[in-house]
Amino acid sequence: MPIKPAKFLLAILIAGATVFTFAACYHYIQKHLHPKPDRGPVYFRPGQLIPAGYPRDEYKHPYQIGNLGGKPVKLSAFVAELLEYDDSPGWDPEKNRNYKPPIRTYQSIIESFGFDMRYTDGLLRHLRKDSDRAYEREHNIPGNAWVSVTVLSGSRYPVMPATVLNRYADPDTFPPRVMLPEKQFGLEVYVLPKDVDREQIALRSHNDSDIFVARNQAGNITSYIVCSNRKVPQPPCKHDIVMLEDMKVGLSLSYDRQVLKDWKKIESEAEKAVRSFITEPEAIDTETEQGNRLKIHLKMPV
């Protein structure tokens with residue numbers, strides 16, 4: 001008995017809807033119930049044995065631990081992304097393939113990592129607790145409060161930290177760029193005149209940006225900020241500072257220009273977040289391979 005065209009079409013529609021529903025459910029589960037802290041190099045290899053007493057988070061995943069700027073720290077892989085130690089292979093595919101990460105201790109030197117912070121309340125984005133969709137929706141609002149923080153330490157901390165920002169700013173604060181007569185938000189402002197010869201500056205950096213700097217009493221730059229002056233909904237700012245007191249850490253902060261007025265609070269909250277990672281180190285027996293094998297369905301930073 002031949003199948004009527006209407007029934008055949010209905011069967012195709014039902015099958016298509018089933019496949020679409022399955023795909024949508026699978027995507028949701030992978031993205032929201034099994035989020036990936038990082039798509040970079042792995043922190044531990046699947047199946048690697050680690051000490052039974054190794055510090056773990058509430059989800060039983062090992063913390064990323066080490067020495068950050070002279071302080072012992074404990075970092076969640078769901079907060080701190082793209083973490084690198086002084087012996088990490090970086091992004092070389094071949095080195096990564098053959099790399100065997102050691103069991104990290106609080107003496108392991110951390111070079112860099114990143115995290116996202118909402119500066120208005122100090123909230124750190126947690127990739128397992130927070131919805132990607134809600135974050136993206138909020139992050140795409142012009143003038144939103146989210147700040148991307150890059151942390152640099154170890155060999156990436158400057159040799160002359162008190163004056164390093166002077167060297168960063170020097171090429172961008174000389175003519176033809178001029179300093180405005182009045183500060184903005186307590187910052188010196190350097191801009192390119194409207195009648196500047198564009199061919200003269202064709203090879204210079206930051207031609208579509210304004211430069212903002214804060215100085216200490218000695219005249220050294222303590223905050224170096226480059227903000228786009230393009231007419232776009234979310235003109236970005238890149239904001240560099242160096243922690244000089246209790247930790248040898250440099251910070252690079254990225255946010256929308258609309259919130260530049262809060263630059264002091266942004267700095268304060270970023271430094272507070274970094275110090276919140278400091279912990280009282282536990283003794284770790286790196287020679288003992290006890291406990292369960294590490295079951296990793298997430299990639300963890302090296």
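All values below come from the heavy atoms of this structure, side chains included, with hydrogens, waters and symmetry mates left out. The structure presented is a predicted model; accordingly, all values stated were derived computationally and were not measured.
- The aromatic rings of Tyr59 and His126 sit tilted relative to each other, their planes meeting at an angle between 30° and 60°.
- Residues Glu188 and Lys183 are not paired through a salt bridge, judged by the lack of any N-O separation under 4.0 Å between the basic side chain and the carboxylate.
- A salt bridge links Arg257 with Asp210: at least one charged nitrogen is closer than 4.0 Å to a carboxylate oxygen.
- Nearest heavy-atom pair, Pro158 versus Pro161, reported as atom, atom and distance to 0.1 Å: O-CD, 3.5 Å.
- Ion pairing between Arg128 and Glu58 fails under the 4.0 Å rule for side-chain N and carboxylate O.
- The cluster map of Ile, Leu, Val, Met, Phe, Trp and Tyr, joined by side-chain heavy atoms under 4.5 Å apart, puts Ile241 and Leu187 in the same cluster.
- With hydrogens and angles left out, the side-chain atoms of Asn220 and Thr163 include no donor and acceptor closer than 3.5 Å.
- With hydrogens and angles ignored, the 3.5 Å screen pairs a side-chain donor or acceptor of Asn144 with a backbone N or O of His139.
- Residues in residues 222-254 take part in these disulfide bond (SG atoms under 2.5 Å apart) pairs, two or more places apart or across chains: Cys227-Cys237.
- Asp208 and Asn229 are not linked by any side-chain donor-acceptor pair at a separation below 3.5 angstrom, with hydrogens and angles left out of the test.
- Checked for salt-bridge contact, Asp130 and Arg118 miss the test: no charged N lies under 4.0 Å from a carboxylate O.
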Exercise for review: Applying side-chain hydrogen bond (donor to acceptor under 3.5 Å, both in side chains), run through Tyr224 and His239 and close with a yes or a no.
Suggested key: CA-CA 6 Å; Tyr224 171 58; His239 179 162; over 6 Å; no

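- With values rounded to the nearest 0.5 angstrom, Ser223 atom OG is found 4.5 Å from Trp263 atom CH2.
- Judged by distance alone, the side chain of Arg177 and the main-chain N or O of Asp172 form a donor-acceptor pair under 3.5 Å.
- Not a single donor-acceptor pair under 3.5 Å links the side chain of Glu111 to the backbone N or O of Tyr157.
- Put simply, the side chain of Val242 reaches to within 4.5 Å of the side chain of Val164, judged on heavy atoms.
- Lys264 has no carboxylate O lying under 4.0 Å from a charged side-chain N of Glu269, or vice versa, which leaves the two without a salt bridge.
- For Val189, the side-chain contact (heavy atoms from CB on, under 4.5 Å) partners are Leu180, Gln184, Val191, Phe212, not counting sequence neighbours.
- For Ser88 (side chain) and Tyr85 (main-chain N/O), a donor-acceptor pair under 3.5 Å exists by modelled atom type.
- Inter-residue side-chain proximity for Lys238 and Asp240 is flagged as met; some heavy-atom pair is nearer than 4.5 Å.
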**Study point:** Evaluation steps, side-chain contact (heavy atoms from CB on, under 4.5 Å), between Ile110 and Ser153
**Key:** CA-CA 7 Å; Ile110 293 175; Ser153 189; 5.7 Å; no

**Study point:** Pair Val226-Tyr168, side-chain contact (heavy atoms from CB on, under 4.5 Å): steps then yes or no
**Key:** CA-CA 11 Å; Val226 179; Tyr168 286 1; over 6 Å; no

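- Leu123 and Leu75 are not part of a single hydrophobic cluster, where members link through side-chain heavy atoms under 4.5 Å apart.
- Tyr135 pairs in a side chain to side chain contact (heavy atoms under 4.5 Å, CB included) with only one of the listed residues (Asp116, Asn140, Leu127), which is Asp116.
- Across all their heavy atoms, Pro235 and Gln258 have their closest contact at CD-OE1, 3.8 Å.
- Contact between Pro193 and Pro176 at its shortest, heavy atoms only, is CD-O, 3.1 Å.
- Between Phe277 and Phe115, the gap from one ring centroid to the other is short of 6.0 Å.
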Practice item. For side-chain contact (heavy atoms from CB on, under 4.5 Å), just list the numbers for Leu152 and Leu251, CA-CA rounded to whole Å, side-chain angles, deciding distance to a tenth of an Å, and then say yes or no. Key: CA-CA 6 Å; Leu152 302 174; Leu251 300 178; over 6 Å; no

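- For the 3.5 Å distance criterion, the side chains of Glu282 and Tyr54 fail to qualify, holding no donor opposite an acceptor.
- Salt bridge Arg125/Glu138: absent, no basic N to carboxylate O contact under 4.0 Å.
- Applying the 6.0 Å contact sphere to CD of Glu136 captures more than 12 heavy atoms from other residues, nucleotides or ligands.
- Counting only distance, with no hydrogens or angles, the side chain of Thr279 and the backbone of Pro281 share no donor-acceptor pair below 3.5 Å.
- When atom types are taken as modelled, the side chain of Ser108 and the backbone of Arg104 share no donor-acceptor pair closer than 3.5 angstrom.
- Counted by atom type alone, Tyr63 and Asp57 present zero donor-acceptor pairs between their side chains at under 3.5 Å.
- Aromatic rings from Tyr190 and Phe174 are positioned such that their centres are separated by 6.0 Å or more.
- Judged by distance alone, the side chain of Asp262 and the main-chain N or O of Lys265 form no donor-acceptor pair under 3.5 Å.
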Exercise for review: Kindly determine whether Arg156 and Glu84 satisfy salt bridge (charged side-chain N to carboxylate O under 4.0 Å, His left out), including the steps that lead there.
Suggested key: CA-CA 11 Å; Arg156 300 182 188 182; Glu84 288 191 78; 3.7 Å; yes

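- Grouping the Ile, Leu, Val, Met, Phe, Trp and Tyr side chains by contacts below 4.5 angstrom, directly or via other members, places Trp146 apart from Leu260.
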